[in-house]
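Down below is the structure, laid out as structure tokens.
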Amino acid sequence: MPLRHNRNIRKSTKMKDSYTHKHRTPLCTPSARLIKISFCLLMLGAAPFAAIGAEGEASLTLQQVFDLALRQDAEYEAGMHGAGAQRADGWEKIAGYGPTLSLTGSYGRHHDKFKPDAESELESSEAHYNEKDLTLSFEQPIFDGVKAAAFQQGRNDLKLAELQLKTSYDDLYLRIASAYYEALSTKESLRIAGKQTSAIKGQLQNAIDLLSQGSGTITDQYEAESRYRLSAAAEISRDTEWKNARTELAKMIGGATPSLEDTVPHYDFKPLIHDKKYWLSVADSHNTDLMTKRLQLAAAEHTYTSNQSRFLPSLSLYADLDKNEPDGGLAGYGEDRTEFEVGVLLRLSLLEGGSDVAATTAAYRRVKEADALLRSSQQDVGSSLEALYDNINDTANLIEAYARAAKASRLAMESTEAAYLEGVKALPDVLDRQQEYYESLGQYHRAQYSYMILLAKFERVAGVKIAEGNESESK
């Protein structure tokens with residue numbers, strides 16, 4: 001409701017303006033009492049840390065929004081399929097060191113011709129016949145450097161697949177958390193802008209009423225109207241930001257436009273209780289990017305070992321069972337044969353056109369590349385964690401400072417409005433204090449949401465969840 005402002009009006013029109021600006025004392029009239037009642041109601045509506053009002057629909061928590069995204073987000077789905085493919089590749093390499101069993105069958109038309117030497121008394125003979133052949137072969141590597149290295153690489157791929165899935169999960173959570181808190185921040189900014197516009201609108205109406213009663217000035221009306229128009233434009237801008245943030249979040253969960261539950265004002269905003277050295281140690285052990293880079297280095301080393309092993313012989317145990325059934329032959333009749341053979345097979349590649357040397361050289365370079373990428377990633381994680389650590393602690397202190405500033409601004413606004421009712425302060429003073437109060441209140445809430453976004457980023461880099469109270473939990 002608008003604040004009513006009565007001035008002691010002198011009968012002398014000559015002294016009216018000067019006295020009105022220098023001596024503003026209220027009249028003890030019903031109108032003055034109504035002004036004070038209106039003032040009290042306005043103060044009740046200006047609670048500094050009021051929660052976002054309900055929208056008449058069920059609100060979704062961050063976890064509920066994240067659960068929706070797990071089912072809808074295409075990027076996360078792609079990560080799941082990629083992890084599944086990596087897991088299958090790993091099992092393929094592991095299976096390479098296992099036994100192989102094959103069955104080979106053939107059916108063909110044969111032409112045999114026998115022609116003895118001239119001094120032989122045997123006669124020449126010739127036969128056309130059909131033959132069926134069936135061979136069952138078994139082989140088990142005993143020593144094979146290439147397959148042994150591939151076996152280790154396969155185990156490594158299984159770990160990489162799990163990390164790839166976890167990385168996709170963590171990346172999605174960070175994207176959802178950032179979008180979620182950004183949406184809440186813009187919504188809170190819109191709420192505060194609406195409060196400010198409403199308050200200024202009340203002052204504008206008050207200035208219009210006073211001017212119509214002959215006790216106000218056109219300057220006060222213009223000043224209030226100018227502030228009101230600017231505040232209304234800012235409110236439209238905040239509304240656009242809120243809609244855009246909500247739409248961005250909706251795209252991640254299948255196109256819905258959810259109502260969001262805001263628990264941020266109840267969070268305990270504290271600096272991180274451990275020092276940087278502690279968190280750097282945690283990140284070195286739990287950061288998925290570093291873990292992936294280490295496994296990629298191990299994979300490169302296994303590939304290098306595999307290529308080196310191409311210069312070594314391989315040893316295998318084998319067994320063959322062969323059944324041959326011809327329907328004819330040089331003897332004039334068919335002779336079914338069954339053969340069984342078991343033994344040890346030694347293989348050694350002597351020349352592959354230089355491809356083995358080139359492959360080994362390339363694998364060695366990839367080991368060096370993977371090692372350099374690991375060190376680069378360690379530097380990136382360290383610098384990111386240190387920056388986020390400082391930002392979180394600074395933001396926690398900033399939230400406390402803004403809370404005090406908002407409280408002080410509210411008291412200054414209330415004092416100025418009271419002085420305005422008594423005729424000591426002018427309307428522009430009230431408008432200035434209102435603007436300062438709502439700006440400090442907006443900064444306070446924006447700092448809260450910034451803290452939550454920074455915390456989500458810090459958790460992603462550290463690789464652990466940070467419970468309220470700054471106790472770390474393994475993800």
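Just so you know, these numbers use all the heavy atoms, side chains as well, and skip hydrogens, waters and symmetry mates.
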Any donor-acceptor N or O pair under 3.5 Å, side chains Q63, D67
yes
Distance-only donor-acceptor check, side chains Y129 and D112, under 3.5 Å:
yes
So for atom CZ, which belongs to R294, do other residues, nucleotides or ligands contribute more than 12 heavy atoms lying within a distance under 6.0 Å?
yes
Q448 side chain to Y181 side chain, donor-acceptor N/O pair below 3.5 angstrom:
no
Is K195 close enough and on-axis enough to Y437, meaning under 6.0 Å and within 45°, for cation-pi?
no
Heavy-atom count around K323 NZ within 6.0 Å, excluding the residue itself: above 12?
yes
Heavy-atom side-chain proximity of R109 to E131 below 4.5 angstrom:
no
Check whether the side chains of T135 and D133 place a donor and an acceptor atom closer than 3.5 Å, and report yes or no.
yes
Do S349 and E352 get their side chains close enough for a donor-acceptor pair, meaning under 3.5 Å?
yes
Using the six-membered ring wherever Trp is involved, compare the ring planes of H274 and W279 and label them parallel, tilted or perpendicular (cut-offs 30° and 60°).
perpendicular
So CG of L297 and NZ of K368: to nearest 0.5 Å the spacing works out to 10.0 Å
For R246 and T186, which I'm curious about, is there any donor-acceptor pair between the side chains at under 3.5 Å?
no
Judged by modelled atom types alone, do Q152 and H302 share a side-chain donor-acceptor pair under 3.5 Å?
no
Is it the case that the side chains of Y402 and K407 hold a donor-acceptor pair, with the cut-off being a distance below 3.5 Å and no angle test?
no
